[in-house]
A.B. asks: 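One structure, as structure tokens, below. Some questions next.
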Number of protein chains: 2
Amino acid sequence: METTAYAKDCPSRQILDRIGDTWSVLVVGMLADGPQRYSSLAKRIEGISPKMLTQTLRGLERDGLIGRTVYAEVPPRVDYELTILGLSLLDLVRALSRWAETHIGDVQAARVAYDNPGVRVSVSS
Amino acid sequence: METTAYAKDCPSRQILDRIGDTWSVLVVGMLADGPQRYSSLAKRIEGISPKMLTQTLRGLERDGLIGRTVYAEVPPRVDYELTILGLSLLDLVRALSRWAETHIGDVQAARVAYDNPGVRVSVSS
DNA sequence: CCGTATCCTCCTTGATACTG
DNA sequence: CAGTATCAAGGAGGATACGG
């Protein structure tokens with residue numbers, strides 16, 4: 001029952017959980033372009049609901065990956081930006097992207113092979 | 001509705017999905033020690049159910065990350081091992097671990113700060 | 001403008017019993 | 001030994017209406 005003492009404490013798992021989260025990665029990617037407001041992020045990240053956007057931003061802020069600045073203006077204005085730590089994570093995400101772009105071909109080929117057992121490529125007779 | 005054209009096609013997302021998966025990472029980590037049988041993995045990965053183990057192994061196999069070898073013996077014997085591609089992914093996972101170990105302190109400190117607003121560290125008066 | 005509150009649905013996972 | 005089949009439960013996420 002108590003199962004995975006591993007999953008909870010392990011630093012890698014905590015980071016993986018964040019990095020494995022779709023919206024978090026997208027938000028960090030967007031903020032790579034510079035500080036942005038809530039509404040800007042909402043518009044640019046297609047398909048995200050206010051609930052998920054807020055939830056994602058709070059999580060990233062809590063982990064010290066992004067900063068949140070409230071301007072005392074009317075109408076209200078809130079900017080989010082990457083922290084140094086967030087920029088460092090961005091590097092990591094980009095390393096991941098590089099790996100993905102390099103190897104996705106192999107993965108997809110493997111999938112095709114797995115899904116079509118016994119089929120030879122480009123051999124008709 | 002159709003939302004994220006992004007999420008589905010993007011190579012990064014596909015790899016992230018795999019890497020973000022707890023059991024997949026654990027299995028890959030176990031196989032870093034060399035080829036192993038199903039039962040060995042089941043025993044060493046605490047808390048995993050046969051269903052999830054099989055499901056995870058199939059997924060990794062389909063993506064070309066691990067190989068599966070069946071020996072015609074009695075009792076049955078099946079070995080799993082990392083492929084070259086799987087070893088490459090292992091490198092990536094280790095890079096992630098390194099980042100995590102390096103920065104987890106910052107993240108945890110940020111969390112404490114976030115969860116205890118206004119509290120100053122080590123200042124009692 | 002920047003969110004929060006609510007409801008609801010699906011999907012993943014877990015537990016467990018069983019088979020080739 | 002190496003899985004498969006089945007069922008139930010929980011939580012993550014989407015849609016949406018409303019508040020400061």
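Fair warning: this is a prediction, and the values are worked out from it, not measured in the lab. Just so you know, these numbers use all the heavy atoms, side chains as well, and skip hydrogens, waters and symmetry mates.
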A.B. asks: Expressed as a whole number of angstroms, how long is the span from A:Leu57:CG to C:dT4:P?
C.D. replies: 10 Å
A.B. asks: Under 4.0 Å between a side-chain N/O of A:Thr54 and OP1 or OP2 of C:dG3, yes or no?
C.D. replies: no
A.B. asks: Is the phosphate of C:dG3 approached by A:Arg68 (side-chain N or O, under 4.0 Å from OP1 or OP2)?
C.D. replies: yes
A.B. asks: Taking for each residue the nucleotide of DNA chain C bearing the nearest heavy atom, is the 5' side occupied by A:Lys51 or by A:Tyr80?
C.D. replies: A:Tyr80
A.B. asks: With no hydrogens and no angle check, is any side-chain donor or acceptor of B:Ser24 less than 3.5 Å from a backbone partner on B:Gly20?
C.D. replies: no
A.B. asks: So for atom CZ, which belongs to A:Arg94, do other residues, nucleotides or ligands contribute more than 12 heavy atoms lying within a distance under 6.0 Å?
C.D. replies: no
A.B. asks: Measure CG/A:Leu53 against P/C:dC1 and give the value in whole Å, please.
C.D. replies: 14 Å
A.B. asks: How many Å lie between CD on B:Glu73 and P on D:dG3, as a whole number?
C.D. replies: 14 Å
A.B. asks: Heavy atoms from C-beta onward define the side chain here; which of C:dG3, D:dA2, C:dC1 lies closest to that of A:Val78?
C.D. replies: C:dG3
A.B. asks: Please tell me if B:Arg37 has a side-chain N or O lying less than 4.0 Å from either OP1 or OP2 of D:dA2.
C.D. replies: yes
A.B. asks: Closest approach of A:Leu85 and A:Asp63, non-hydrogen atoms and distance?
C.D. replies: CD2-O, 3.6 Å
A.B. asks: Grab the two heavy atoms, one from A:Val25 and one from A:Ile19, that are nearest each other, plus how far apart they are.
C.D. replies: CG2-O, 3.1 Å
A.B. asks: Between A:Pro76 and A:Ile48, who's closer to the 5' end of DNA chain D by nearest nucleotide?
C.D. replies: A:Ile48
A.B. asks: Roughly how many Å is it from CG in B:Leu26 to P in C:dT13, rounded to a whole number?
C.D. replies: 13 Å
A.B. asks: Where each residue is assigned the nucleotide of DNA chain C containing its nearest heavy atom, which of A:Pro75 and A:Gln55 is assigned the position nearer the 5′ end?
C.D. replies: A:Pro75
A.B. asks: Over all strands shown, is A:Ser39 touching base, sugar-phosphate only, or nothing at heavy-atom distances under 4.0 angstrom?
C.D. replies: sugar-phosphate
A.B. asks: Would you say CD1 of B:Ile84 has more than 12 non-hydrogen atoms from neighbouring residues, nucleotides or ligands within 6.0 angstrom?
C.D. replies: no
A.B. asks: Nearest-Å distance, CD1 (B:Ile45) to C1' (C:dT13)?
C.D. replies: 16 Å
A.B. asks: Would you kindly give the OH-to-C1' distance between A:Tyr71 and C:dC2, to the nearest whole Å?
C.D. replies: 15 Å
A.B. asks: Rounded to whole angstroms, how far apart are CG on A:Asp79 and P on C:dC2?
C.D. replies: 9 Å
A.B. asks: Side chain of B:Asp21 only, heavy atoms from C-beta on: which candidate in D:dA2, C:dT13, C:dT4 is closest?
C.D. replies: C:dT13
A.B. asks: Starting from C1' on D:dG3, measure out to CG on B:Leu41 and report it in whole angstrom.
C.D. replies: 13 Å
